[in-house]
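What follows is a short report on a single structure.
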Amino acid sequence: MKTLRQYLDETACEEPLKDLIELIAYQSIPIRDAFIDNQSYAGTENTYGEEQAALDKWADDHIISVLGKSGFVKAIASEEQADIVRFPDAFGDYAVVMDPLDGSSLIQVNLAVGTIVGIYRGGDALQKGEDLAVAMYMLYGPMTVLTITVGGGVYTFALDSDGIFVLLKENVRIPEGTLFGSGGIRNEWLPGHHDFISLCEQKGGKLRYSGSFVADFHQILTYGGIYCYPAARGKPEGKLRLVFEANPIGFIAKQAGGAISDGTQDLLTVLPEKPDHRTPIYVGSKSLIDAAESCMKEHN
Ligand code: FBP
């Protein structure tokens with residue numbers, strides 16, 4: 001089976017970028033091994049006022065330490081850090097954006113969670129999603145699966161028993177499906193979102209919402225459909241973060257023939273104002289994104 005490195009050697013990526021991608025992907029092994037000793041909450045809050053799981057902090061500290069020592073990375077923007085972490089003496093000129101452990105409320109219940117990563121050239125972490133060089137996530141489920149794009153389509157790899165990522169699927173395309181999942185509290189949803197979810201239900205769509213954005217997106221990538229975390233009454237920005245969550249996942253979705261929106265526009269064209277820029281998110285099959293935007297427009 002083709003390995004991750006063999007796939008990367010077939011792409012236009014420069015050698016240092018291939019090395020950085022592999023370095024990040026294989027941190028999934030120590031992160032996976034850290035689950036058993038990091039089941040509780042850390043007793044601290046992140047910059048969003050969310051309780052940090054011990055594994056959120058462990059994965060964040062671990063990846064920042066590994067990347068800092070590597071010399072490849074000038075800047076890291078992490079969901080678990082209030083500010084951008086800088087390495088001015090790095091020889092490389094990449095910037096990494098990451099959600100070290102997405103879906104952390106599911107750690108204690110042993111459901112699938114993941115690590116979301118985006119890589120930019122030019123050392124600046126606050127770039128538009130459409131300017132990503134690489135978007136990837138490692139999903140810790142029954143298998144450890146890496147989903148990646150370097151701009152030439154989406155590929156998935158599984159970690160084999162020798163600890164090597166081997167090719168699972170190539171040139172993955174998001175089907176036009178009907179699965180749907182929505183965050184937020186129904187009686188706080190805005191009318192446009194209410195209408196959209198009713199439309200999904202009228203189409204006979206099945207509800208799929210686990211509490212982990214990355215796991216729910218992986219289901220959409222496979223079967224088609226849509227994941228939503230909408231704006232709500234008093235929460236016009238929704239919950240999720242543009243830089244660490246929306247952009248890498250949205251870049252993968254677009255490379256797989258899908259789309260990402262905030263309900264009114266392509267999120268990959270939005271320049272982040274600050275690391276903790278929050279945004280409503282609709283990501284998945286193109287036709288459902290178009291339908292969601294139409295529902296929002298009717299109520300504008
Ligand atoms: P983090 O776990 O990285 O904070 O991510 C946010 C998240 O957990 C998503 O993975 C998930 O889809 C959503 O929030 C769940 O939110 P809620 O509990 O409000 O439904």
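Just so you know, these numbers come straight off a predicted model, no measurement behind them. In each ligand, atom 1 is the first atom listed, and ligand 1 is the first ligand listed.
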Evaluate the ring planes of Tyr229 and Tyr227, with Trp represented by its six-membered ring, and classify them as parallel (under 30°), tilted (30 to 60°) or perpendicular (over 60°). tilted
Is any NZ, NE, NH1 or NH2 atom of the basic residue among Arg278 and Glu273 found under 4.0 Å from an Asp or Glu carboxylate oxygen of the other? no
For Glu79, is there an ion pair with Arg241 - N to carboxylate O distance below 4.0 angstrom? yes
If the cut-off is 4.0 Å to any non-hydrogen atom of Asp99, which atoms of ligand 1 fall inside it? 3 (O)
Which one holds for Gln52 and ligand 1: side chain close, backbone close, both close, or neither close, with close meaning a heavy atom under 4.0 Å? neither
Per atom 18 (O) of ligand 1, closest listed option by heavy atom (Glu245, Lys239, Glu51): Lys239
Out of all atoms in ligand 1, which are within 4.0 Å of some heavy atom of Phe213? Include the element for each. 9 (C), 10 (O), 11 (C), 12 (O)
Please could you name the atoms of ligand 1 that Asp102 approaches to less than 4.0 Å, counting only its heavy atoms? 1 (P), 2 (O), 3 (O), 5 (O), 6 (C), 9 (C), 10 (O)
Where ligand 1 meets Leu101 - atom numbers and elements under 4.0 angstrom, heavy-atom basis: 3 (O)
Please list the nearest protein heavy atom to atom 15 (C) of ligand 1 with its residue and the distance rounded to 0.1 Å. Tyr209 OH, 3.3 Å
Specify whether Tyr48 and Phe244 have parallel, tilted or perpendicular ring planes, treating 30° as the upper limit for parallel and 60° as the lower limit for perpendicular. perpendicular
Report, in ascending order of atom number, the atoms of ligand 1 lying under 4.0 Å from any heavy atom of Glu79. 1 (P), 3 (O), 4 (O)
Ring-plane angle category for Phe217 and Tyr137, please: parallel below 30°, perpendicular beyond 60°, tilted otherwise. perpendicular
Carboxylate-amine/guanidinium proximity below 4.0 Å for Lys74 and Asp124: no
Tell me if the aromatic rings of Phe180 and Tyr209 count as close, with their centers under 6.0 Å from one another. no
Would you please determine whether Gly211 falls within less than 4.0 Å of ligand 1 on a heavy-atom basis? yes
Can Arg5 and Asp19 be counted as an ion pair, charged N to O under 4.0 angstrom? yes
Any nitrogen or oxygen of Gly103 lying under 3.5 Å from a nitrogen or oxygen in ligand 1? Just yes or no. yes
Describe, in one word, how the ring planes of Tyr140 and Phe35 are oriented to each other, choosing from parallel (under 30°), tilted (30 to 60°) and perpendicular (over 60°). perpendicular
Just jot down the ligand 1 atoms closer than 4.0 angstrom to any heavy atom of Ser212, in number order. 10 (O), 12 (O)
Give the atoms of ligand 1, by number and element, whose distance to some non-hydrogen atom of Leu240 is under 4.0 Å. 6 (C), 14 (O)
Atom 12 (O) of ligand 1: which of Tyr227, Phe244, Tyr229 has the nearest heavy atom? Tyr227
Using a 4.0 Å cutoff against the non-hydrogen atoms of Glu50, which atoms of ligand 1 qualify? 4 (O)
